[in-house]
Q: 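The following block contains the structure, expressed as structure tokens.
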There are 2 protein chains.
Amino acid sequence: MSEQAASRVWQRMRALVLEQHDRRREVCAELGMSFIKVKALRRIARGPLTMRELTEQLSTDKPYTTLVVDYLERRGLVERSVHPDDRRCKIVTVTAAGQAASKVAEGIINEPPSVILELPPAELAALDRTVAKLAVD
Amino acid sequence: MSEQAASRVWQRMRALVLEQHDRRREVCAELGMSFIKVKALRRIARGPLTMRELTEQLSTDKPYTTLVVDYLERRGLVERSVHPDDRRCKIVTVTAAGQAASKVAEGIINEPPSVILELPPAELAALDRTVAKLAVD
DNA sequence: GGAAACAATTACAGATGTAGAACTAACTAC
DNA sequence: GTAGTTAGTTCTACATCTGTAATTGTTTCC
């Protein structure tokens, strides 16, 4: 029954990501900020965003986004500027320091668990191909 | 380079679990409680636990565990009883109502994303075998 | 039996995140 | 130009979570 296999796969993937290899605490300790702020920083580092876009990405509300960006700006990691075409909007951009901090975060978060690295090369390659199909983005 | 493949696999698994198919909001809305309380309920439903054990499972602190269990007990989902061999300990057990609520939560959380179900059977079977290797627990 | 250790609770302080209402400034469309 | 809309901010209130210290009852070990 392939439905059961799918369920098994899903539960194990969840366990791996959320329990066995959760690096959130580590990242927060390293950067000295809450995880939602790390997430905000990483998104901004990926490319400039308006406040509204960032609010959507973080799935939070506008007032809190203001607080988060205030915090990151105070630490010199991001900057606000007025949108050239629509002066109501602000564009949030990462600074050099922010880019560096984001890289540190990515390094910790994207470090794969050793169990994946230890797979036989052929099996890893197959896994790579399959998982690529699962990721829409 | 298999290190890059491992990194790719990991990042895509994370995206799938945390972004594409995150059911946390849904579960919280359905059960009317915060996610940490859902997590506590699910752990207790899996089998009786002492407060200390539950504290470890939730990776929180003792006082907060007391509050969480107070809440679940007030809603009639779990019960506290004294440990027969060590009267310092309390054993937290799920009630019938709690078991039912937990099943609802599991149903939502464990429902695999459709992309997994849609894989060709042979590929799903291979994925199932590989992922089983990755899950230590 | 007494000291030390442990489980759980209580009390408390503080950080973090969620949410609504009201406001300003800027844009859009008629 | 004026009405309605949108982006962002401020203010406020609250829920949630984290962390420390002290307290109670119980167990363990000498």
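Proteins get letters first, then strands, A, B, ... in listed order; numbering begins at 1 in each.
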Q: If the condition is side-chain contact (heavy atoms from CB on, under 4.5 Å), which residues does A:R14 pass it with, not counting sequence neighbours?
A: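 Partners of A:R14 under the side-chain contact (heavy atoms from CB on, under 4.5 Å) test: A:W10, A:L18, B:V17, B:R42, B:I109.
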Q: Tell me if the CD atom of A:E79 is crowded by more than 12 foreign heavy atoms within 6.0 Å.
A: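 For A:E79, atom CD is not crowded (no more than 12 foreign heavy atoms under 6.0 Å).
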Q: Ignoring the backbone of A:T66, work out which of D:dT9, C:dT10, D:dT20 is nearest its side chain.
A: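 From the listed options, D:dT9 comes nearest.
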Q: Is any side-chain heavy atom of B:L127 closer than 4.5 Å to one of A:L127?
A: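 Touching, per the 4.5 Å side-chain cut-off.
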Q: Given that A:C89 and A:R25 both sit by DNA chain D, which one's nearest nucleotide is further toward the 5' end?
A: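 This one resolves to A:C89.
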Q: Figure out the NZ/P separation between B:K62 and C:dC6, and round it to whole Å.
A: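 Nearest whole value for this atom pair: 10 Å.
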Q: Considering heavy-atom distances to DNA chain C, does A:H83 or A:D61 have its closest nucleotide positioned more toward the 5' end?
A: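 It is A:D61, whose closest nucleotide lies nearer the 5' terminus.
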Q: Which heavy-atom pair separates B:T65 from B:T60 by the least distance, and what is that distance?
A: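 Smallest interatomic distance, heavy atoms only, reads OG1-CG2, 3.6 Å.
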Q: Kindly give the heavy-atom pair with the smallest separation between A:A135 and B:Q20, and that separation in Å.
A: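 Scanning both residues completely, I find the closest heavy atoms to be CA-OE1, 3.6 Å.
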Q: Figure out the OH/P separation between B:Y71 and D:dC17, and round it to whole Å.
A: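 Interatomic distance, OH of B:Y71 to P of D:dC17: 10 Å.
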Q: Quick one: which protein N/O atoms are closer than 3.5 Å to N/O atoms of nucleotides 26-28 of chain D? Pair and distance per line, please.
A:
from, atom 1, to, atom 2, distance (Å)
D:dT26, OP1, B:R87, NH2, 2.9
D:dT27, OP1, B:R87, N, 3.1

Q: For B:S59 versus A:R25, what's the shortest heavy-atom pair and its separation?
A: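 The answer is O-NH2, 3.0 Å.
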Q: For A:E73, enumerate each residue passing the salt bridge (Lys or Arg N to Asp or Glu O under 4.0 Å) test, keeping only those at least two apart in sequence or located in another chain.
A: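 So A:E73 forms a salt bridge (Lys or Arg N to Asp or Glu O under 4.0 Å) with A:R80.
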Q: Would you please say whether a donor-acceptor pair under 3.5 Å links the side chains of B:S7 and B:E3?
A: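 The answer is no; no qualifying pair exists.
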Q: In whole Å, what is the span from the CZ atom of B:R24 to the P atom of D:dC17?
A: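 That distance rounds to 12 Å.
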Q: So, the side chain of A:H21 versus the backbone of A:S114: is there a donor-acceptor pair under 3.5 Å, distance only?
A: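 Absent.
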Q: With a 4.0 Å heavy-atom cut-off, tell me which residues in residues 49-58 of chain B come close to DNA chain C, sorted by residue number.
A: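 Residues of residues 49-58 of chain B that come under 4.0 Å of DNA chain C are, in numerical order, B:T50, B:M51, B:R52.
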Q: Look at B:K90 and C:dT9 and indicate whether a side-chain polar atom (N or O) is within less than 4.0 Å of OP1 or OP2.
A: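 Result: yes.
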Q: Please find the pair of heavy atoms, one from A:I116 and one from B:V9, that lie closest to each other, and give the distance.
A: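 That would be CD1-CG1, 4.1 Å.
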Q: Of the non-hydrogen atoms in A:C89 and A:T50, which two are nearest, and what is the gap between them?
A: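 Shortest heavy-atom contact: CB-CG2, 4.4 Å.
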Q: Which letters describe nucleotides 12-17 of chain C, given B = protein heavy atom under 4.0 Å from base, S = only from sugar-phosphate, - = neither?
A: ----SB
Q: After noting the C-alpha distance and the side-chain angles of B:K133 and A:L119, does the key distance pass the side-chain contact (heavy atoms from CB on, under 4.5 Å) rule?
A: CA-CA 9 Å; B:K133 286 193 194 175; A:L119 284 174; 4.1 Å; yes
Q: In which stems does DNA chain C show up, taking only runs of three or more Watson-Crick or G-U wobble pairs whose two distances fall under 3.5 Å?
A: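 DNA chain C forms these stems: C:1-30 with D:1-30.
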Q: Do B:Y64 and B:L49 belong together in a cluster built from hydrophobic side chains that touch within less than 4.5 Å?
A: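 Yes.
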Q: Name the residue closer to the 5' end of DNA chain D, choosing between B:S59 and A:D70 according to the nucleotide with the nearest heavy atom.
A: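 This one resolves to A:D70.
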